[in-house]
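In what follows, chains carry the letters A, B, and so on, assigned in the order in which the sequence lines appear, proteins first and then strands, with residues in each chain numbered from 1.
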Amino acid sequence: MAAPLVAFVTSPDARAAIVPADGAAVRPPAGPGGSVDAGVHPAVDAAVVLPLGEAVRRVAELVEAGAARFTWWAAGIDAAPLVAARVPVARCWDVAEAHRLLLGGWDASPQVAWAAAHGLDRGGLPPASRGDLFDFHATDDDPVDVVVRPDGYLVPDAGSPQWRPTDEALVAWGRAALDCATAQAAALDRLGPRSVAAAHSESAAAYLCVELTRDGLPIDREVARELIEASAGARPTDEADARRIRAGRDAAVLAHTPGRESTDLRNPVQVRELLASVGVVVPNTRKWVLEPFRETHSVVGALLEWRKAERIATTYGHTWLDTHVGPDDRLRGGWTACDGAAGRMTAQNGLHNLPAALRPAVAAHPGHVFVRADLGQIEPRVLAVVAGDASFAAATRADDLYAPVAATLGVDRPVAKIAVLAAMYGQRSGAAGEALKGLERAYPVAMGYLDGAYAAGVRREPLRTYGGRLIRLDQVLSDVPVEGAAAHDAARGRFARNAVIQGSAAELFKAWAATVRATTRDLGAQIVLCLHDELLVHVPEQHAEEARARVVAALDDSARRWTGSTQVRFVADASVIRRWSEAKE
DNA sequence: TTACCAACGTA
DNA sequence: CGTACGTTGGTAAC
C-alpha cells in the first residue's frame, strides 16, 4: 500500500509548510481501541505553515508513525533541518533526484524540474535574478505571494536564499512540489515499475547524503598525523618553514641532475626538458610512461618518489587534516547522490580518493567497530540482470562468477576474467581475442546487449539504465579531444557501454545502502562511507555481529527487489574491523 | 578572476 | 581494461 504523499518545504527565513496531497489526509494508525491518539500523532489533513522547529517535530511524529512519504524539492535544501534534528526519514520523494533519473544530467532546480514535469519548453525558462544590488525589484518590502507565473513557469527566484514567501506562497510551493512528484511518478511508471522504485531509493540516497555530510568519517587523528609526517615532513611552523621543507624535497630530486637545479618540478614542461637532457625522451611525464625508465637514470625514480610525497603534502597533508577533520575527529565533505553521467555517488575532500596509504587512519571511535562490506564482481552480475541473459545469470550463482565462465569457455580463470572485463569495458590492447569469441558464442544475449549500447552511443541515441536513468549522448562527450570522427564515435560508444553497467550498478548499490541504513538504525549503526561498491558502517561494538548479518541480509533483500527475481545472485564480503586498512586486498 | 590542462588518487 | 569522479598547482586567456 503506497503511503500518501506529503510535501515538506522550507523557506529561507525558517518557516516550513507541510502540505498533504489532495484527498490524502494523513492519519496515524488507529490505537488498540480503534481510537486515534491525536495527542501523540496528530493527523495532517490540511496544509499548515509552522516555524521550522515546530514543523520538524511534526514531521518526526509522522515519520515515527510511518504515515507518509515526504516530498521535497531537494534533500539538501528542504530536508536539511530534518537531518540536523536527526529525524530518521525512511520514505521520501526527492523532486530533483527524480528529475535527474527522467532527464539525465545534473541540472535539477525546482524551476527546471517543474518545467519538465509540465511539458514546458526549457528554452522558455525565465532567467533568475542575480540577487545583487542591481536587482531593484528586491525582496524585503515586496513579499512574493505567487509561485506559478501566468505563463505556467515557476517564479525564477522562488526557493532561492533571498526568497521571502507569504504563508500562502509557501503552501503553494509545497503544492507545486507535490504536482511535480505526481507527474514524475506517472512518467516513471510508464517506463516501468522499476523506475518508480529507483526514484524511491535515489531519494533515500539523497537524504543519506545529507546525513553523511553531517556525520563524517571517523578518523584516528594521531595515526593520520604520523602518516602525513612520514611522507610530507613535520608540520611547518610558518610560511618560511613550509618553503624550506618544500625546497628540501625538491633538492633531493635535483641533486641527480647537476646544473639544472632551477627546474620547477611542478611544471610538466620543465620536467620533460630535464628528463630529455639526461636522455629520457617522453611524450608526457605520467607515472606509467616514466616507470620503464627507472633504470635509465636515477632521477626518474627520485622524481616518482617525489610525486608521491608531494601528493600527500599538498592534497592530504597537514592543511587537509586541519581543514576537513573536525574537533570530533570526523572527516567531512559534501556528498551528492548522483553524478551527471551514469549516476554514481560523489564525495568531496578526499572521501572518495583517499590514498590507500592513509587508510590506517580511518578508524572506529572508542566503543565502536566498522562493518565493512563490498559487492563482489558487481558489474558482470549487473550485466546479467540488465541484459536478461539466462546463461550468464546461471554463472552468477557461483561465489566466483569467473569459474563457471572459464569452464564454459574451456579456458583458465584469468583468461575468462580478462575476456569478460574486455567485453564490458572495451578492449583496445591485449590478447583476449579468442576468449572473446567464446563469450559471444556462450552468452550471446549479454554480449548483444553490450554491442547494442555501444552502437547507440555511436549513433548518439540516448539510453536508459536498468532503473530508468537517462544516459544522454547529445551533449556528453561533445568536446572530447580526439582527432577524427571515428575515434570520436568510438569514445562515445565506450562511454555508453560503460554507463549502462556502471549506472545500473550504482542504482543497486544505493538501494542496498538505503536498506542497510533503515535496517541497522536500531543498533545505533551509522553509514559513514559509500564508495561505489563498498560500505563502511560505524557500529557500537556489542552489535557488531548482528549488524554484519543485517548488512548481508540487506543485499539479498534489495537485490531481490531490484531485479524482481532471484535468477541473478549478488554477493557481499562483509567483515568486522577496527581500521579500514584491515580490509583484505 | 576564470578556464583549462596535467597529473594522480579512488571505484 | 575502460569509464567516472575530486583535488592540486601550473599556464593562458579574459
Among dA4(C), dT10(B), dA7(B), find the nucleotide with the atom closest to the side chain of Ala341(A). dA4(C)

Side chain of Asn349(A) - closest among dT11(C), dT7(C), dA7(B): dT7(C)

Does OP1 or OP2 of dC8(B) have a side-chain N or O of Arg311(A) closer than 4.0 Å? no

With the side chain of Arg359(A) defined as its heavy atoms from C-beta on, choose the nearest nucleotide among dT10(B), dA7(B), dG6(C). dT10(B)

Between dT10(B), dG9(B), dG9(C), which nucleotide gets closest to the side-chain atoms of Thr314(A)? dG9(C)

At 4.0 Å (heavy atoms only), tell me whether Gln502(A) reaches a base, stays on the sugar-phosphate, or touches nothing. base

Give the rounded distance in Å between these two atoms: NE2 of His532(A) and P of dG6(C). 10 Å

Checking contacts here: which listed nucleotide (dA6(B), dG2(C), dT7(C)) is nearest the side-chain heavy atoms of Pro268(A)? dA6(B)

Describe the nucleic acid contact of Arg266(A) in one word from base, sugar-phosphate, nothing, applying a heavy-atom distance below 4.0 Å. sugar-phosphate

Using a distance-only test with no angle check, is there a side-chain donor-acceptor pair under 3.5 angstrom linking Ser504(A) and Thr465(A)? no

Nucleotide nearest Thr285(A) (side chain, heavy atoms from C-beta), chosen from dC8(B), dA7(B), dC5(C): dA7(B)

Under 3.5 Å side-chain donor-acceptor pair for Arg307(A) and Thr285(A): yes

Donor-acceptor pair under 3.5 Å, Asn267(A) side chain vs dG10(C) base: no

State whether the number of non-hydrogen atoms from other residues, nucleotides or ligands found under 6.0 Å of Glu295(A) atom CD is greater than 12. no

Side chain of Phe495(A), heavy atoms from C-beta onward: which of dT3(C), dT7(C), dC1(C) has the nearest atom to it? dT3(C)

Does the cation-pi check pass for Arg372(A) over Trp580(A), that is, NZ or CZ under 6.0 Å from the six-membered ring centre and within 45° of its axis? no

How is Ala499(A) classified with respect to the nucleic acid when contacts are heavy atoms under 4.0 Å: base, sugar-phosphate, or nothing? nothing

Counting any heavy atom closer than 4.0 Å, what does Leu354(A) reach on the DNA or RNA strands: base, sugar-phosphate only, or nothing? sugar-phosphate

If you count the non-hydrogen atoms of other residues, nucleotides and ligands that lie under 6.0 Å from CZ in Arg569(A), is the total more than 12? yes

Would you say Lys287(A) places a side-chain N or O within less than 4.0 Å of OP1 or OP2 belonging to dG9(B)? yes

Tell me: CZ of Arg492(A) to C1' of dG2(C), nearest whole Å? 17 Å

Return the value, rounded to whole Å, for the distance between atom CH2 of Trp335(A) and atom C1' of dT10(B). 11 Å

Has the side chain of Arg286(A) got a donor or acceptor atom sitting under 3.5 Å from an opposite partner on the base of dA6(B)? no

Considering only dA11(B), dG9(B), dG6(C), which nucleotide approaches the side chain of Thr346(A) most closely? dG6(C)

